[in-house]
Amino acid sequence: MTAAPDHTPLPRDFFERSPLDVAPDLLGRLVVRNTPDGPLTLRLTEVEAYAGEMDPGSHAYRGRTPRNDVMFGPAGHAYVYFTYGMWHCLNVVCFPEGHAGGVLLRAGEITEGTALARPRRTTARHDRELAKGPARLATALDVDRELNGADFCAGPHAPLRLLTGAPVASRDVSTGPRTGVAGEGGVHPWRFWIAGDATVSPYRPHTPRRRNRT
DNA sequence: CAGTCGATTCACT
DNA sequence: GTGAATCGACTGA
């Protein structure tokens with residue numbers, strides 16, 4: 001018997017900590033995405049911490065720019081970026097205002113609204129693949145840059161929310177190197193996932209892009 | 001202002 | 001396992 005997940009919103013100060021502390025604490029929490037067609041709910045199973053200006057793997061490593069601006073703002077907001085010319089990825093901003101940092105939401109189990117997610121994720125051959133990977137997660141939840149800066153801690157009708165859910169005991173959390181992160185930024189075991197969960201994405205080391213041949 | 005490449009995914013061999 | 005897709009942010013000249 002498991003208790004029903006707690007739908008209380010996570011308070012702002014939950015996110016005003018180091019992403020290294022927030023990230024494992026996010027596993028088992030619920031992301032709610034309110035769309036015009038209805039809500040989707042996702043139980044987080046895999047995340048990665050990005051520690052801002054001191055972290056070579058972070059977009060904030062080289063200082064504040066128009067793209068990473070919201071990471072320097074108040075905690076609990078969404079940092080959405082566009083990459084590889086076609087995908088979006090969704091993060092939660094951490095640290096008090098003025099200090100950049102965030103947690104990349106890499107994967108989860110869609111527990112409500114699968115009928116809304118499936119047509120957006122036609123390559124998924126099973127529901128467990130709907131949000132198995134950060135760009136897949138953003139696609140399934142219909143997240144794009146319009147939601148950059150959205151407040152996860154706003155009211156019940158906000159487009160994005162983060163609820164208490166059912167946090168995972170530390171013995172059920174696995175850690176390892178971050179996926180696809182280049183150079184020194186790749187060495188830290190700052191990826192966290194629920195051990196054995198079928199919706200966690202496979203690990204892939206960073207692969208430098210092949211240059212055009214001369 | 002041109003060159004480079006990305007916190008990825010998918011099709012194909 | 002390998003390579004293409006696809007565009008915009010960032011870098012350095």
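Chain naming here is simple, since letters A, B, ... match the order of the sequence lines and numbering starts at 1 in each.
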For nucleotides 11-13 of chain B, tabulate all protein N/O to nucleotide N/O atom pairs closer than 3.5 Å, reporting atom names and distance.
none

Determine which bases of DNA chain C form Watson-Crick or G-U wobble pairs with both distances under 3.5 Å, and write the result as a 5' to 3' dot-bracket string with | for other-strand partners.
|||||.||||||.
Rounded to whole Å, the CZ-P distance (A:Arg204 to C:dG3) equals 15 Å
Can you tabulate the close N/O pairs, meaning under 3.5 Å, that link protein atoms to atoms of nucleotides 7-13 of chain C?
unit_1, atom_1, unit_2, atom_2, d
C:dC10, OP1, A:Thr65, OG1, 2.2

Indicate whether the side chain of A:Glu46 and that of A:Ser201 have a donor and an acceptor atom separated by less than 3.5 Å.
yes
Any residue meeting salt bridge (charged side-chain N to carboxylate O under 4.0 Å, His left out) with A:Asp69, in chain and number order, not counting sequence neighbours:
A:Arg64
How long is the gap from SG on A:Cys153 to CG on A:Leu160, to the nearest 0.5 Å?
11.0 Å
Looking only at atom P, what distance separates B:dA2 and C:dT6, rounded to whole Å?
23 Å
Closest-nucleotide ordering on DNA chain B, the 5'-leading residue of A:Ala124 and A:Ala182
A:Ala182
Would you say B:dC10 has OP1 or OP2 under 4.0 Å from some side-chain N or O of A:Arg136?
yes
Sorted by first residue and then second, give each salt bridge (charged side-chain N to carboxylate O under 4.0 Å, His left out) pair with at least one member in residues 84-99 of chain A; sequence neighbours left out.
none
For residues 172-183 of chain A, pull every pair meeting salt bridge (charged side-chain N to carboxylate O under 4.0 Å, His left out), keeping only residues two or more places apart or in separate chains.
A:Asp55-A:Arg178
Inter- and intrachain pairs under salt bridge (charged side-chain N to carboxylate O under 4.0 Å, His left out), touching residues 125-140 of chain A, at least two apart
A:Arg118-A:Asp127
Of the nucleotides B:dG6, B:dA7, B:dT8, which has the atom closest to the A:His206 side chain?
B:dG6
Please lay out, stage by stage, how A:His59 and A:Tyr81 fare under the test ring-ring contact (aromatic ring centres under 6.0 Å, His included).
CA-CA 10 Å; A:His59 290 167; A:Tyr81 66 87; 4.6 Å; yes
Please list, chain by chain and in numerical order, all residues satisfying salt bridge (charged side-chain N to carboxylate O under 4.0 Å, His left out) with A:Arg120, sequence neighbours excluded.
A:Asp142
Does anything in residues 41-57 of chain A come within less than 4.0 Å of DNA chain B? Heavy atoms only, and list the residues if so.
A:Tyr50, A:Gly57
Residue pairs passing the ring-ring contact (aromatic ring centres under 6.0 Å, His included) test with at least one member in residues 163-201 of chain A, sequence neighbours excluded, are A:His188-A:Trp190
With a 4.5 Å cut-off on side-chain heavy atoms, are A:Glu48 and A:Tyr50 touching?
yes
For A:Glu129 and B:dT8, what is the distance between atoms CD and P respectively, to the nearest whole Å?
17 Å
Partner residues of A:Ala75 under the side-chain contact (heavy atoms from CB on, under 4.5 Å) criterion, sequence neighbours left out
A:Phe15, A:Glu16
One thing to verify: whether A:Arg17 and A:Asp13 come together as a salt bridge, which I'm taking to mean a side-chain N less than 4.0 angstrom from a carboxylate O.
no
Quick test of your reading: applying ring-ring contact (aromatic ring centres under 6.0 Å, His included), list the pairs with at least one residue in residues 86-108 of chain A, sequence neighbours left out, ordered by first then second residue.
A:Phe82-A:His88
Could you work out the separation of B:dC5 and C:dG3 based on their C1' atoms and round it to a whole Å?
15 Å
Testing A:Ile110, A:Leu42, A:Thr199 one by one against A:Leu130 for a side-chain contact (heavy atoms from CB on, under 4.5 Å), which residue passes?
A:Ile110
B:dT8 P sits how many Å from A:Tyr203 OH, rounded?
11 Å
Length of the line joining A:Arg178:CZ and B:dG6:C1', which is rounded to integer Å
14 Å
Sugar-phosphate only, base, or nothing, as touched by A:Arg191 at under 4.0 Å among non-hydrogen atoms
nothing
